[in-house]
Amino acid sequence: MREAEGKLTTRAALASVATALFLLILKSFAAWQTGSVAMLGSLADTGLDLLASLVTLYGVRIAAMPADYDHRFGHGKAEALAALFQVALITASAAAIGWRAIVSFKEDRPTASAELGIGVSLVAIVATFALLYYQRRVIARTRSVAIEADNVHYQSDLLLNLSVIAALVLDQYLGVAAADPVFGIAIALWLAWGALRASSHAIDQLMDKEWPEDKRRRFVEVAARQPELKGIHDLRTRRSGAKDFVQFHVWIDPGMTVAEAHDVMDAVEAKLQGEFPGVEILIHVDPEGQVDEPGNPLVETDLTPGARE
């Protein structure tokens, strides 16, 4: 499963690189011909898209590598690092576009060749829609944070291209001279907001944030179906790249042999793997009534009450 997910994320990253390269060539010609700040902003963003996509490709390939002696939990967090690099590029792009738009207010330089700019933007929209559709399918299967950050970036590209079309129409057909720089500023603000959103998932992974509460509760409900478990406590969950990790303690009958307890844990893991495919599980067995950290409800609170109903 891990190998299959690695191939999917790599293909999604390659598709992103190919799309960015195609659009970079197309928009370079359009920016040169039109002189539009909005188109220039779109071109700058596409150039950063290409760099970000190359970093994403490198990140997902590293993340797909199996665990080794120095990285026993695998290399999944390479995806979060790649996502943060994308965020930095998006932020830099937003700042540059915003500054260029502000400067253009003073220059009052007209745009040209609206038809070319609009045509290029329409082609870019179609190509971006196709990439987003493919990326969403990959994200649904792998939950890759790097591909998700790339997807957020390309979602902003749709607005970028629509803004370029609107700016050119208003500027050249309706005579609204300030439309182009205004849309340039709007694009910059949208990119900055996208960077903020994209950073949150990557930071959550790097900080080992717990699963959402409803997912944790469902995990406990599945584990609690095993009647030999007298209680579940000290549940810890996290995500690294496209892989989930879970560890928890269970109370069992102190009279069980080691072999009997081992068989029970195998049964628990099998049930959990059926509901949460690919999750890596570590279970610590405690005799019923054992208290490791008195007075620490985060560790000692039994999570099964209500889960067996």
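In this text the structure is predicted, and so the values were computed from the model without any measurement. Values below: every heavy atom of this structure, side chains too, minus hydrogens, waters and symmetry copies.
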Inset, instruction - Begin from the C-alpha positions of Leu229 and Gln226 and carry the test side-chain contact (heavy atoms from CB on, under 4.5 Å) through to its verdict. - result: CA-CA 6 Å; Leu229 301 189; Gln226 194 69 23; 4.0 Å; yes
Inset, instruction - Could you please spell out the steps behind the side-chain contact (heavy atoms from CB on, under 4.5 Å) verdict for Leu81 and Val55? - result: CA-CA 9 Å; Leu81 293 173; Val55 172; over 6 Å; no
Inset, instruction - With rounding to the nearest 0.5 Å, note down the distance linking CG in Asp234 to CG in Leu298. - result: 7.0 Å
Legend entry - side-chain hydrogen bond (donor to acceptor under 3.5 Å, both in side chains) between Lys77 and Gln205, intermediate numbers included: CA-CA 7 Å; Lys77 289 188 178 180; Gln205 282 204 14; over 6 Å; no
Inset, instruction - Kindly write out the residues that satisfy salt bridge (charged side-chain N to carboxylate O under 4.0 Å, His left out) with Glu210, not counting sequence neighbours, or none if the list is empty. - result: Arg216
Legend entry - Rounded distance (nearest 0.5 Å) linking atom CG of Asn296 with atom NE2 of His233: 10.5 Å
Inset, instruction - Using salt bridge (charged side-chain N to carboxylate O under 4.0 Å, His left out) as the criterion, list what pairs up with Asp263, not counting sequence neighbours. - result: none
Legend entry - Cluster check Val87, Leu196: I/L/V/M/F/W/Y, side chain < 4.5 angstrom: no
Legend entry - Ala202 to Ala83 - nearest heavy-atom pair and separation: CB-CB, 3.8 Å
Legend entry - Sub-4.5 Å side-chain heavy-atom contact between Pro294 and Val291: yes
Inset, instruction - Give the minimum heavy-atom separation between Ser16 and Leu131, together with the two atoms involved. - result: N-CD1, 3.7 Å
Inset, instruction - Measure across Glu293 and Glu300 and return the closest heavy-atom pair with its distance rounded to 0.1 Å. - result: N-OE2, 2.9 Å
Inset, instruction - Establish whether Leu84 and Met207 are linked, either directly or via other cluster members, by ILVMFWY side-chain heavy-atom contacts under 4.5 Å. - result: yes
Inset, instruction - Compare every heavy atom of Gly59 with every heavy atom of Ala82, then report the nearest pair and how far apart it is. - result: CB-CA, 4.2 Å
Legend entry - Candidate pair Leu235 and Val220, rule side-chain contact (heavy atoms from CB on, under 4.5 Å), full reasoning: CA-CA 9 Å; Leu235 173 65; Val220 173; 3.7 Å; yes
Inset, instruction - Give a yes or no on whether Phe245 and Ile283 share a hydrophobic cluster (residues Ile, Leu, Val, Met, Phe, Trp, Tyr; joining criterion: side-chain heavy atoms under 4.5 Å apart). - result: no
Legend entry - Step-by-step side-chain contact (heavy atoms from CB on, under 4.5 Å) determination, Glu275 to Phe219: CA-CA 8 Å; Glu275 295 285 339; Phe219 187 90; over 6 Å; no
Inset, instruction - Please list, chain by chain and in numerical order, all residues satisfying side chain to side chain contact (heavy atoms under 4.5 Å, CB included) with Ala13, sequence neighbours excluded. - result: Thr56, Leu57, Val60, Ile147
Legend entry - For Asp244, salt bridge (charged side-chain N to carboxylate O under 4.0 Å, His left out) partners two or more places apart: Arg143, Lys215, Arg239
Legend entry - Heavy atoms of other groups near His284 NE2, more than 12 under 6.0 Å: yes
Inset, instruction - Kindly indicate whether the side chain of Leu272, heavy atoms from C-beta on, has any atom under 4.5 Å from the side chain of Val246. - result: no
Legend entry - Point-to-point distance, once rounded to the nearest 0.5 Å, from CZ of Phe22 to CG of Leu50: 13.5 Å
Donor-acceptor pairs under 3.5 Å, side chain of residues 247-255 to any protein atom, not counting sequence neighbours: which ones?
unit_1: His249; atom_1: ND1; unit_2: Asp286; atom_2: OD2; d: 3.1
unit_1: Trp251; atom_1: NE1; unit_2: Gln290; atom_2: O; d: 2.9
unit_1: Asp253; atom_1: OD1; unit_2: Gly255; atom_2: N; d: 2.9

Legend entry - Spacing of CD1 belonging to Ile232 relative to CG belonging to Leu303, to within rounding of 0.5 Å: 7.0 Å
Legend entry - From CD (Glu288) to CD (Glu228), nearest 0.5 Å: 12.5 Å
Inset, instruction - Indicate the atoms forming the closest heavy-atom contact of Leu23 with Ala127, along with that distance. - result: CD2-CB, 4.3 Å
Inset, instruction - Would you kindly check if the NZ (Lys) or CZ (Arg) of Arg238 is within the cone defined by 45 degrees around the ring axis of Phe73 and under 6.0 Å from the six-membered ring centre? - result: yes
Legend entry - Joint cluster assignment, Leu21 & Leu54, ILVMFWY side-chain distance < 4.5 Å: yes
Legend entry - Spacing of CH2 belonging to Trp211 relative to CZ belonging to Phe276, to within rounding of 0.5 Å: 5.5 Å
Legend entry - Check: Thr257 main-chain N/O paired with Glu260 side-chain donor or acceptor under 3.5 Å: yes
Inset, instruction - Applying side chain to side chain contact (heavy atoms under 4.5 Å, CB included), name anything that partners Asp204, two or more places apart in sequence or on another chain. - result: Lys209
Inset, instruction - Taking the side chain as every heavy atom from C-beta outward, state whether Val285 and Met265 have any atom pair closer than 4.5 Å. - result: yes
Inset, instruction - Identify the heavy atoms of Lys271 and Val222 that sit nearest to each other, and give their distance. - result: O-CG1, 3.8 Å
